[in-house]
> 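This is the structure, below, for whatever I ask next.
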Amino acid sequence: LYNRFTIVYTIIIYLLLIFLISIFIGKNHEPFADEAQSYLIARDTSIYFYIKDLARQEGSPLLWFIWMKFLLFFGLPYSKVYLSSIIPNFLGVVVFVLKSPFNKITRYTFPLTYYVIYQYNVIARNYSFLLLAISLVAILYPSRHNKNILYTLLIIFLGSINIYTLILSGCLYLLFLYEQYKNNKIYCSSLILFTTFAIFTVYMLFPNMDNKYVQKWISGDKSIIYNIARNIVLFLGYGLVNSYIPVTIETSVLNCFGII
């Protein structure tokens, strides 16, 4: 019993230290322009207008916008905007420390790494929900067939963070759907739920065709499909060039391909 209380108190003190360190870093962090932008959008924009117009320009699903709206409803000042990321990231740390299957060294050192203690922690951006969402999905994964609706909701939660996690959640659900197909048991409610979410989110985020980044992908002399395929190949080539060739040579090579 004594050892159990010692472990509990140690974990509480550790988590309290993580939280205090986070607050200290947050108070000394100067927000970036995009942090201010998300704060102002949440303050000045209705949910309807965000879904109808702004989401496709911002490229961010509803979760972060609603979270900021929620905090602003309770009077979050811009000077404490770092709390919008510290709270979900800290919840992710709590879940990771208490529920992850890793050894103690990993569980207690991982929250002190750069991304967890700073990047996803004090910078007020949507990826502050990432650790929490991934941890919850991982915890429920072994019992996903017995709790398919809850698992689907957690995948939706993951997919609501940003476009990258939307792709990840789509892949997870396709794998889940394939498992259902192999077991000859399709969870219709789960499928309808995720399909509705996916269609709504893609529609909400799909950029306008006059967007300069869209134009960069579809521009060319042939069909849109051909141009997209061509530009994907060039984009992958750009990644290789950017990784292995010095900047001066890289620029000339990219100019030859018409990428920059």
Side-chain angles (χ1 to χ4, degrees), residues 34 38 47 50-68 85 88-89 91-92 95-96 99-100 115 119-120 125-209 211 213-214 216-218 224-236 238-239:
D34 62 296
S38 64
I47 294 178
Y50 185 82
I51 294 173
K52 178 177 175 293
D53 246 349
L54 271 184
R56 66 187 75 253
Q57 298 177 39
E58 291 295 303
S60 179
L62 270 177
L63 178 62
W64 184 249
F65 175 76
I66 291 176
W67 172 242
M68 292 295 292
S85 53
N89 186 74
L91 291 175
V95 173
F96 182 86
K99 294 296 184 179
S100 68
Y115 284 99
Q119 185 78 29
Y120 296 168
R125 292 175 181 156
N126 51 27
Y127 48 47
S128 60
F129 280 94
L130 189 59
L131 179 59
L132 176 62
I134 288 180
S135 297
L136 291 174
V137 170
I139 289 170
L140 198 67
Y141 188 79
S143 56
R144 60 194 177 281
H145 291 286
N146 295 328
K147 301 176 180 178
N148 59 83
I149 293 296
L150 181 57
Y151 180 69
T152 303
L153 289 173
L154 289 178
I155 291 180
I156 289 174
F157 175 51
L158 175 65
S160 299
I161 297 173
N162 54 44
I163 291 178
Y164 304 107
T165 60
L166 178 63
I167 296 171
L168 175 60
S169 70
C171 293
L172 284 172
Y173 195 81
L174 286 175
L175 178 62
F176 187 44
L177 191 61
Y178 175 69
E179 292 174 345
Q180 297 171 43
Y181 172 76
K182 285 183 64 178
N183 295 333
N184 294 318
K185 186 177 182 181
I186 303 297
Y187 309 128
C188 293
S189 299
S190 167
L191 180 60
I192 292 171
L193 188 62
F194 187 82
T195 302
T196 303
F197 160 75
I199 292 173
F200 170 75
T201 305
V202 170
Y203 168 77
M204 179 179 65
L205 297 179
F206 199 83
N208 296 319
M209 296 305 290
N211 184 295
Y213 296 105
V214 175
K216 186 182 293 186
W217 284 95
I218 67 174
I224 290 179
I225 295 177
Y226 174 86
N227 293 332
I228 291 175
R230 170 185 175 274
N231 287 326
I232 287 175
V233 172
L234 293 178
F235 179 74
L236 294 175
Y238 167 77

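Everything numeric in this text was worked out from a predicted model, so none of it was measured. Here, residue 1 is the first one in the sequence, and each next residue gets the next number.
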> To the nearest 0.5 Å, how far apart are CD1 in Ile134 and CG in Leu132?
10.0 Å

> Given the side-chain rings of Phe194 and Phe197, with only the six-membered ring counted for Trp, is the space between their centroids under 6.0 Å?
yes

> Please give me the minimum heavy-atom distance between Ser60 and Trp64, naming the atom from each residue.
OG-CB, 4.4 Å

> Quick one: CG on Leu150 to CD1 on Ile155, what's the gap to the nearest 0.5 Å?
10.5 Å

> If we ignore hydrogens and angles and just use 3.5 Å, is the side chain of Tyr173 paired with the main-chain N or O of Leu191 as donor and acceptor?
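At least one qualifying donor-acceptor pair exists.
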
> Between Ser190 and Asn148, what is the shortest heavy-atom contact and its length?
CB-OD1, 3.8 Å

> Quick one: does Thr195's side chain have a donor or acceptor within less than 3.5 Å of a partner on Ile192's backbone?
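A pair under 3.5 Å: no.
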
> Would you call the rings of Phe65 and Tyr50 parallel, tilted or perpendicular, where under 30° means parallel and over 60° means perpendicular?
parallel

> With side chains defined as the heavy atoms from C-beta onward, is the minimum distance between Tyr120 and Arg125 less than 4.5 Å?
no

> What are the two closest non-hydrogen atoms of Thr201 and Leu166, and how far apart are they?
CG2-CD2, 3.8 Å

> Supply the atom-to-atom distance Leu172 CG to Tyr141 OH, rounded to the nearest 0.5 angstrom.
7.5 Å

> I'd like to check Leu130 versus Tyr164 (side-chain heavy atoms, cut-off strictly below 4.5 Å). Are they in contact?
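When only atoms from C-beta onward are counted, Tyr164 and Leu130 do not touch, as no gap falls below 4.5 Å.
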
> Looking only at heavy atoms, which two atoms of Lys147 and Leu140 are closest? And how far apart?
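Answer, listing the atom of Lys147 first, then Leu140: CD-CD1, 3.8 Å.
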
> Can you measure from CD1 (Ile51) to CG (Leu62) and round to the nearest 0.5 angstrom?
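Those atoms lie 4.5 Å apart.
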
> Do Val137 and Tyr151 touch side chain to side chain, with heavy atoms closer than 4.5 Å?
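The answer is yes; the side chains approach within 4.5 Å.
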
> So, taking the atom named CG in Leu177 and the one named CD1 in Ile186, what distance separates them when rounded to the nearest 0.5 Å?
5.0 Å

> Could you grab the distance from atom CG of Asn162 to atom CD of Glu58, nearest 0.5 Å is fine?
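Going from the CG atom of Asn162 to the CD atom of Glu58 covers 13.0 Å.
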
> Any side-chain heavy atom of Ile139 within less than 4.5 Å of one from Leu154?
no

> Mind checking whether Leu205 and Pro61 have side chains closer than 4.5 Å, heavy atoms only?
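Contact flag for Leu205/Pro61 side chains = yes.
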
> State, to 0.1 Å, how close His145 and Asn183 come at their nearest heavy-atom pair, and which atoms those are.
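The pair with the smallest heavy-atom distance is CE1-ND2, 4.0 Å.
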
> Could you report the tightest heavy-atom contact between Val95 and Ser135, atom names first, then the distance?
CG1-CB, 3.8 Å

> Do Tyr187 and Phe176 have their ring centres less than 6.0 Å from each other?
yes

> Is there a side-chain contact between Leu153 and Leu193 (heavy atoms, below 4.5 Å)?
yes

